[in-house]
Visitor: 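Pasting a structure here, questions to come.
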Amino acid sequence: MIDLKYLQNHFDEAAMKLRKKGIGNDTLQELKSLFASLKEANAAFESARAEQNQMSKLFGEYKREGKDIAELKARVDAKKEEIAVLQEAAREADAALYKLALTIPNFPDDTVPEGEDENDNVELKKVLEPKTFDFKPKEHWELAELNGWIDFERGVKLAKSRFSVLRGEAARLERALINFFLDTNREKGFEELCVPFLNNAAMLQGTGQLPKFEDDLFKIEDENLYLIPTAEVPLTNLYNDEILSEKELPVLMTGYTPCFRKEAGSAGRDTRGMIRQHQFDKVEMVAISHPDRSDEVFEMMVQNASDILTALELPHRIVVLCGGDLGFSAAKTIDLEVWLPGQNQYREISSISNTRDFQARRAKIRFKEGKKNRLVHTLNGSALAVGRTLIAIMENYQNEDGSITIPEVLKKYM
RNA sequence: GGACAGUUGGGUGAGUUGGCUGAAACCACACCCCUGCUAAGGGUGCAUAUCCUAACGGGUAUCGAGGGUUCGAAUCCCUCACUGUCCGCCA
């Protein structure tokens, strides 16, 4: 959630920032006035309640001294009626404010380029040159079929479309990648965690998936639980409603989880192959950082993800997302896009974001700075998306006969 | 799933004949003093959120969550959640 006081005191600045994300002034004006209404309603309620509390105290004294309480009781009863109305008004103001506030995206950093969509993202650099093939490289689904690696049909039978089954070497390679990613992250100082794959609504709200993106989530019937769309949710919310000590920062965490997404807005996109599935494996990095040092942590995370791709000898490029392509919670996002020779294009394989204090405010993650509590910064990033790495390996390591060479660094995991 | 017990501040843990307890005590933590060496002692501060104030300070809310009784609830009642133990089932 954005800082409402900042919105109140620096409206024009705030509005300018959110324009990058396509939020209009009207919405912000409404938010600002809801905030003002809440403050007003609260003030009225609280002062009335203060009077009541005052009288209640007197009540005790009167009784002890044996005074007549009839008149006092009449007064306090009248006050109570007044309070009931004020309290209800304050509650409504609160509900109205948060209903809107929770749907407002984070402010983009000033360094985020302007732009509408992914076409306006800015490439920062390329790492490793795409390899040239002396034959026409195949796409991963052709290779999957040739090698019997992915069983799309039976995945659909077991669940529904956009589910698939990895078989044999592919399943082993998937597992090898998970281990390789986790080991690498651990060596960089990330603590490895194994977390629940179902999280409750409060946690999903903490990281920003709820209330606005409920349609993208798989929900468990009759339970207040959702399948996680990313390990960012459990890892970040590990410290939900907690106050850390300053010396614990930064908290660096990594974990492997499957991720579940309805891909509701992506009907028709990437229907062929394994690029966009309802369930995919991912190894995630999450950092809880001191707010003054989150930029360094961010750089480190980008570097780490890039290093992993380099170790796998996979050509990739590093792209900074423009305002229009930035996710809801992110202040800044850098994507790593891996080269897919079969598709002849770069495709996203990692997305690393600094959410600044946006998630911290929602999830109430703070740290003690001296005597005061201050919101932390939270960051998350894939290192890496496992299924897409598998695809990248298939396409980049393919041989003319359709066989696939196992990358050197993975051999010890196979 | 059944039975019983519990849920208080960073931790342990008092408080359950309703008001003087937002919360004793101890531990941890921070700062200061003394002392001096593989220690110890003394002092002060220390829940969260929010509002008012230049500040001092004060208001409001929160003792698992929500609701109720009452002038007034951590304390009484109801519902739910969670934890523990025993039983059942189970990887």
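If you're wondering where the values come from, they're calculated on a predicted model, not measured in any experiment. Here is how names work: the chains are called A, B, and so on, in the same order as the sequence lines, proteins then strands, and each is numbered from 1.
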Visitor: Salt bridge or not for A:Asp94 and A:Arg91, using N-O below 4.0 Å?
Guide: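 Here A:Asp94 does not pair with A:Arg91 in a salt bridge, since their nearest N and O are not under 4.0 Å apart.
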
Visitor: Please report, rounded to the nearest Å, how far the P atom of B:U53 is from the CD atom of A:Glu46.
Guide: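 Answer to the nearest Å: 14 Å.
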
Visitor: Looking at A:Asn53, does any N or O in its side chain come under 4.0 Å of the phosphate oxygens OP1/OP2 on B:A61?
Guide: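 For A:Asn53, the contact criterion (side-chain N or O under 4.0 Å from OP1 or OP2 of B:A61) is met.
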
Visitor: How close or far is atom P of B:C63 from atom CG of A:Asp241, stated in whole angstroms?
Guide: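 The distance from CG of A:Asp241 to P of B:C63 comes to 14 Å, rounded to the nearest Å.
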
Visitor: If I take atom CZ in residue A:Phe367 and atom C1' in nucleotide B:G10, what distance separates them, rounded to the nearest angstrom?
Guide: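 Taking CZ of A:Phe367 and C1' of B:G10, I get 17 Å after rounding.
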
Visitor: With a 4.0 Å cut-off on N to O distance, would you call A:Lys79 and A:Glu82 a salt bridge?
Guide: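 Salt bridge: yes.
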
Visitor: Between A:Asp295 and A:Arg356, is there a salt bridge with N-O shorter than 4.0 Å?
Guide: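 Looking at A:Arg356 and A:Asp295, the cut-off is met.
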
Visitor: Taking NZ from A:Lys364 and P from B:G10, how many angstroms apart are they, rounded to a whole number?
Guide: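 Spelled out: NZ on A:Lys364 to P on B:G10 is 14 Å.
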
Visitor: Measure from NZ on A:Lys39 to C1' on B:A49 and round the result to the nearest Å.
Guide: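 Atom NZ in A:Lys39 sits about 14 Å away from atom C1' in B:A49.
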
Visitor: Could you give the distance separating B:C77 and B:A55 at their C1' atoms, to the nearest angstrom?
Guide: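 The answer is 46 Å between these two C1' atoms.
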
Visitor: Which residue, A:Arg91 or A:Met55, contacts RNA chain B at a nucleotide closer to its 5' end, judged by nearest heavy atom?
Guide: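 Result of the comparison: A:Arg91.
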
Visitor: Taking atom C1' in both B:G84 and B:A61, compute the distance separating them and give it to the nearest angstrom.
Guide: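 Going atom to atom, C1' in each nucleotide, I get 31 Å.
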
Visitor: Please give the distance between the P atoms of B:C56 and B:C37 as a whole number of Å.
Guide: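 Roughly 43 Å separates the two P atoms.
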
Visitor: Using atom C1' of each nucleotide, how far apart are B:C78 and B:A73 to the nearest Å?
Guide: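 Approximately 15 Å lies between the C1' atom of B:C78 and that of B:A73.
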
Visitor: As a quick check of understanding, evaluate side chain to side chain contact (heavy atoms under 4.5 Å, CB included) for A:Asn373 and A:Lys368, giving each step before the final call.
Guide: CA-CA 5 Å; A:Asn373 296 325; A:Lys368 273 264 182 263; 2.8 Å; yes

Visitor: Take atom CD of A:Gln87 and atom P of B:G66, then tell me their distance rounded to the nearest Å.
Guide: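 Nearest whole value for this atom pair: 12 Å.
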
Visitor: With A:Asp270 as reference, evaluate A:Arg162, A:Gln277, A:Arg276 under the side-chain hydrogen bond (donor to acceptor under 3.5 Å, both in side chains) test and give the passing residue.
Guide: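 Between A:Asp270 and the candidates, side-chain hydrogen bond (donor to acceptor under 3.5 Å, both in side chains) is satisfied uniquely by A:Arg276.
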
Visitor: Hunt down the Watson-Crick or G-U wobble partner of B:U48, both distances under 3.5 Å, from any strand shown, or write none.
Guide: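 Across all strands, the one nucleotide that pairs with B:U48 is B:A61.
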
Visitor: Regarding A:Ile243, tell me which of base, sugar-phosphate or nothing describes its non-hydrogen contacts under 4.0 Å with the strands shown.
Guide: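 It contacts sugar-phosphate atoms only.
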
Visitor: Expressed as a whole number of Å, how far does the C1' atom of B:G9 sit from that of B:C71?
Guide: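 Between the two C1' atoms, the distance is 29 Å.
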
Visitor: Which nucleotide in the set B:G19, B:U48, B:U60 lies at the smallest distance from any side-chain heavy atom of A:Ala50?
Guide: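 That would be B:U60.
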
Visitor: Counting only side-chain nitrogens and oxygens, does A:Lys57 get under 4.0 Å of the OP1 or OP2 atom of B:G19?
Guide: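 For B:G19, neither OP1 nor OP2 has a side-chain N or O of A:Lys57 closer than 4.0 Å.
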
Visitor: Is any side-chain N of the basic residue among A:Glu369 and A:Lys372 closer than 4.0 Å to the acidic one's carboxylate O?
Guide: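 No.
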
Visitor: Students often get this wrong, so: under 4.0 angstrom with heavy atoms, is A:Lys368 touching a base, only sugar-phosphate, or nothing?
Guide: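 Contact class for A:Lys368: sugar-phosphate only.
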
Visitor: Reckon A:Lys5 touches a base, only the sugar-phosphate, or nothing at all at heavy-atom distances under 4.0 Å?
Guide: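 Answer is sugar-phosphate: A:Lys5 comes under 4.0 Å of backbone atoms only.
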
Visitor: So, is A:Lys79 close to the B:G72 phosphate, meaning a side-chain N or O under 4.0 Å from OP1 or OP2?
Guide: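 For B:G72, neither OP1 nor OP2 has a side-chain N or O of A:Lys79 closer than 4.0 Å.
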
Visitor: Measure the distance from CG on A:Asp94 to C1' on B:U60 and round it to the nearest whole Å.
Guide: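 Spelled out: CG on A:Asp94 to C1' on B:U60 is 14 Å.
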
Visitor: Measure up the A:Phe260 and A:Phe218 rings against each other and bin them: parallel (under 30°), tilted (30 to 60°), perpendicular (over 60°).
Guide: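 Ring orientation, 0 to 90° scale: perpendicular.
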
Visitor: Could you check whether A:Arg366 gets within reach of a base, just the sugar-phosphate, or nothing at all, counting any heavy atom under 4.0 Å?
Guide: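 Touches sugar-phosphate only.
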
Visitor: Just to be sure I understand the rule, does A:Lys80 reach a base, reach only the sugar-phosphate, or reach nothing, if contact means heavy atoms closer than 4.0 Å?
Guide: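 The residue A:Lys80 makes sugar-phosphate contact but no base contact.
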
Visitor: Below the 4.0 Å mark, does B:G72 have OP1 or OP2 next to a side-chain nitrogen or oxygen of A:Gln52?
Guide: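 For A:Gln52, the contact criterion (side-chain N or O under 4.0 Å from OP1 or OP2 of B:G72) is met.
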
Visitor: Tell me whether the OP1 or OP2 atom of B:A49 has a side-chain N or O from A:Asn373 closer than 4.0 Å.
Guide: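 Checking A:Asn373 against B:A49: at least one side-chain N or O falls below 4.0 Å of OP1 or OP2.
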
Visitor: Nearest whole Å is fine: how far is B:U70 P from A:Ile83 CD1?
Guide: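 One finds 15 Å between P of B:U70 and CD1 of A:Ile83, rounded.
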
Visitor: Between B:G19, B:A61, B:G59, which nucleotide has the shortest distance from any of its atoms to the side chain of A:Arg49?
Guide: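 Minimum distance to the A:Arg49 side chain belongs to B:A61.
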
